[in-house]
Chemist: 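Below: one structure in structure tokens.
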Amino acid sequence: MLETNGLLQILLLTLMAGLAMPIGAAIASVERIHPRWLETEVRHSVIAFGGGVRGDVFGFQ
């Protein structure tokens, strides 16, 4: 059986994942986001994700 901390962690992570869609939809509904800013943020997100994956694979901390 899962410990209380493990169960709480699972509940919090699934709650955050479930909230991502409505929060993303709310942000997408804002029409004043500048295309250049969005392009920069997407690029930054991809680079940060890649760096995190690389650190995970190669064991960097």
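All of these numbers come straight from a predicted model, not from anything done at the bench.
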Chemist: State which residues pass side-chain contact (heavy atoms from CB on, under 4.5 Å) with Ile47; sequence neighbours excluded, sorted by chain then number.
Modeler: Arg43

Chemist: Under 6.0 Å from the CD atom of Glu41, do we count more than 12 heavy atoms belonging to anything else shown?
Modeler: yes

Chemist: Taking a hydrophobic cluster as the set of Ile, Leu, Val, Met, Phe, Trp and Tyr residues connected by side-chain heavy atoms closer than 4.5 Å, whether directly or through intermediates, do Met16 and Leu8 fall within one such cluster?
Modeler: no

Chemist: Report the residues that fulfil side-chain contact (heavy atoms from CB on, under 4.5 Å) with Leu11, sequence neighbours left out, ordered by chain and then residue number.
Modeler: Leu7

